[in-house]
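In what follows, chains carry the letters A, B, and so on, assigned in the order in which the sequence lines appear, proteins first and then strands, with residues in each chain numbered from 1. Excluded from the calculations below are hydrogen atoms, water molecules and symmetry mates; all remaining heavy atoms, backbone and side chain alike, are included.
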2 protein chains.
Amino acid sequence: MDEIEKVLRQHRVRPTAIRLLMYKFLQERKVAVTLNDIESGFDKSDRTTLYRTIKTFEKNGLVHQIDDGTGVAKYALDEPQTARAGNTQNLHLHFHCTSCNETVCLTDHTIPHISLPEGFVTQDVNLVLKGTCDKCSRK
Amino acid sequence: MDEIEKVLRQHRVRPTAIRLLMYKFLQERKVAVTLNDIESGFDKSDRTTLYRTIKTFEKNGLVHQIDDGTGVAKYALDEPQTARAGNTQNLHLHFHCTSCNETVCLTDHTIPHISLPEGFVTQDVNLVLKGTCDKCSRK
DNA sequence: GCAAATAATGCACTTAAGTTGCATTTTTTT
DNA sequence: AAAAAAATGCAACTTAAGTGCATTATTTGC
């Protein structure tokens, strides 16, 4: 717990009770979560607070938002090294399983560079692979 | 107009007045359009009809939906060759300009193959580059 | 340690996009 | 031309996201 508090402080996020709990919650999940997922895990707190908390995390480089094409925003913790470097880009790809609806970060897969026509300047890349994940394809 | 009617029929879409107009509308735009964009172009018709029309187009391989991360679905005509082949995948990438909010298909840029861990089966890929487009970077 | 200032939280409400049900109109089929 | 099928238009609903503001908690200056 003390460790989490330190991480939050490093990112200039005041470690309130809810924030510590949410960070812990995100750590426990291996997959990206929606705001609804978070809500289900916190009976006590209000949706708005949870919404603003995750947005605060995002703004301060603790989590990144993932748009996997389901139409609902998901969030996942930044990798520690990425977070530490203050790197907001998170240039890894995501895999969305259309069977179980889970989305995971494939952080060891970097996104290949793509050269564009003259005048196009790339600042960010979103790459989502869709299909069946390892768990579901084994069934 | 006769040409459009032929294209619709080839995709088993009955060429009603609105459908012909919408196809024409999509042809005139070089960029992907939202349902709102379409609505603005059609005073006469109802939003629901336009919605169902674009969904019919999508289902029958005339257009593909693009999720560029803005949270609003966009649509663009399939390339003729892709459409003819009945290829539903449209494995090209998209560029979203964060300045003018326009999204274009870069149909001549194919998406590089990415090898995934055991058990992951890829069925579809969504690759969106974000940044400044040629028009906006010249300003 | 206490008061003032600042930040976080909770509740109510609003917005926007997507979607569905159903009656009406149009088109197709026989 | 009548019956069947498909398309259209209107109203209403759903869901996720976001905002305003009062209340509560925390931090800062003295």
Q.
Need the bend value for the helix from C:dG1-D:dC30 to C:dT30-D:dA1: angle between end axes, 5 pairs each end, nearest 10°.
A.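 So the angle between the two local helix axes works out to 30°.
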List in chain and number order the residues that pass ring pair (Phe, Tyr, Trp, His ring centres under 6.0 Å) with [X], two or more places apart in sequence or in another chain; answer none if no residue qualifies.
{"X": "B:Phe57", "value": "none"}
{"X": "A:Phe95", "value": "B:Phe120"}
{"X": "A:Phe25", "value": "A:Phe42"}

(Q) Suppose the criterion is salt bridge (charged side-chain N to carboxylate O under 4.0 Å, His left out): which pairs have a residue in residues 95-109 of chain A, not counting sequence neighbours? (A)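 Non-adjacent pairs meeting salt bridge (charged side-chain N to carboxylate O under 4.0 Å, His left out): A:Glu102-A:Lys135.
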Q) Restricting to pairs with a member in residues 36-59 of chain A, which pass salt bridge (charged side-chain N to carboxylate O under 4.0 Å, His left out), not counting sequence neighbours? A)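 Found A:Lys55-A:Glu58.
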Q. Partners of B:Thr132 by side-chain hydrogen bond (donor to acceptor under 3.5 Å, both in side chains), sequence neighbours excluded?
A.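 For B:Thr132, the residues satisfying side-chain hydrogen bond (donor to acceptor under 3.5 Å, both in side chains) (neighbours in sequence not counted) are A:Gln123.
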Q: Taking side-chain hydrogen bond (donor to acceptor under 3.5 Å, both in side chains) as the test, write out the residues that go with A:Thr70, two or more places apart.
A: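 Partners of A:Thr70 by the side-chain hydrogen bond (donor to acceptor under 3.5 Å, both in side chains) criterion, ordered by chain and then number, come out as A:Asp68.
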Q | Residues from residues 42-50 of chain B lying under 4.0 Å of DNA chain C - heavy atoms | A |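 Residues of residues 42-50 of chain B that come under 4.0 Å of DNA chain C are, in numerical order, B:Arg47, B:Thr48.
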Q.
ring pair (Phe, Tyr, Trp, His ring centres under 6.0 Å), that's the test. Do B:His96 and B:His94 meet it? Break it down for me.
A. CA-CA 7 Å; B:His96 171 67; B:His94 297 105; over 10 Å; no
Q) What nucleic acid atoms does A:Arg52 come within less than 4.0 Å of, heavy atoms only: base, sugar-phosphate, or nothing? A)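 Contact class for A:Arg52: base.
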Q.
What range of DNA chain D does chain B touch, first nucleotide to last, counting atoms under 4.0 Å from its heavy atoms?
A.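 Terminal contacting nucleotides, 5' to 3': D:dA6 to D:dA11.
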Q. Listed by chain and number, what are the side-chain contact (heavy atoms from CB on, under 4.5 Å) partners of B:Pro15, not counting sequence neighbours?
A.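 By the side-chain contact (heavy atoms from CB on, under 4.5 Å) rule, B:Pro15 matches B:Glu5, B:Leu8, B:Arg9, B:Leu20.
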Q. side-chain contact (heavy atoms from CB on, under 4.5 Å) with B:Ala76: which residues, sequence neighbours excluded?
A.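 Scan of B:Ala76 (side-chain contact (heavy atoms from CB on, under 4.5 Å), adjacent residues dropped) gives B:Ala32, B:His64, B:Ile66, B:Cys105.
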Q. To the nearest angstrom, how far is B:Arg19 atom CZ from C:dT28 atom C1'?
A.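 It works out to 13 Å between those atoms.
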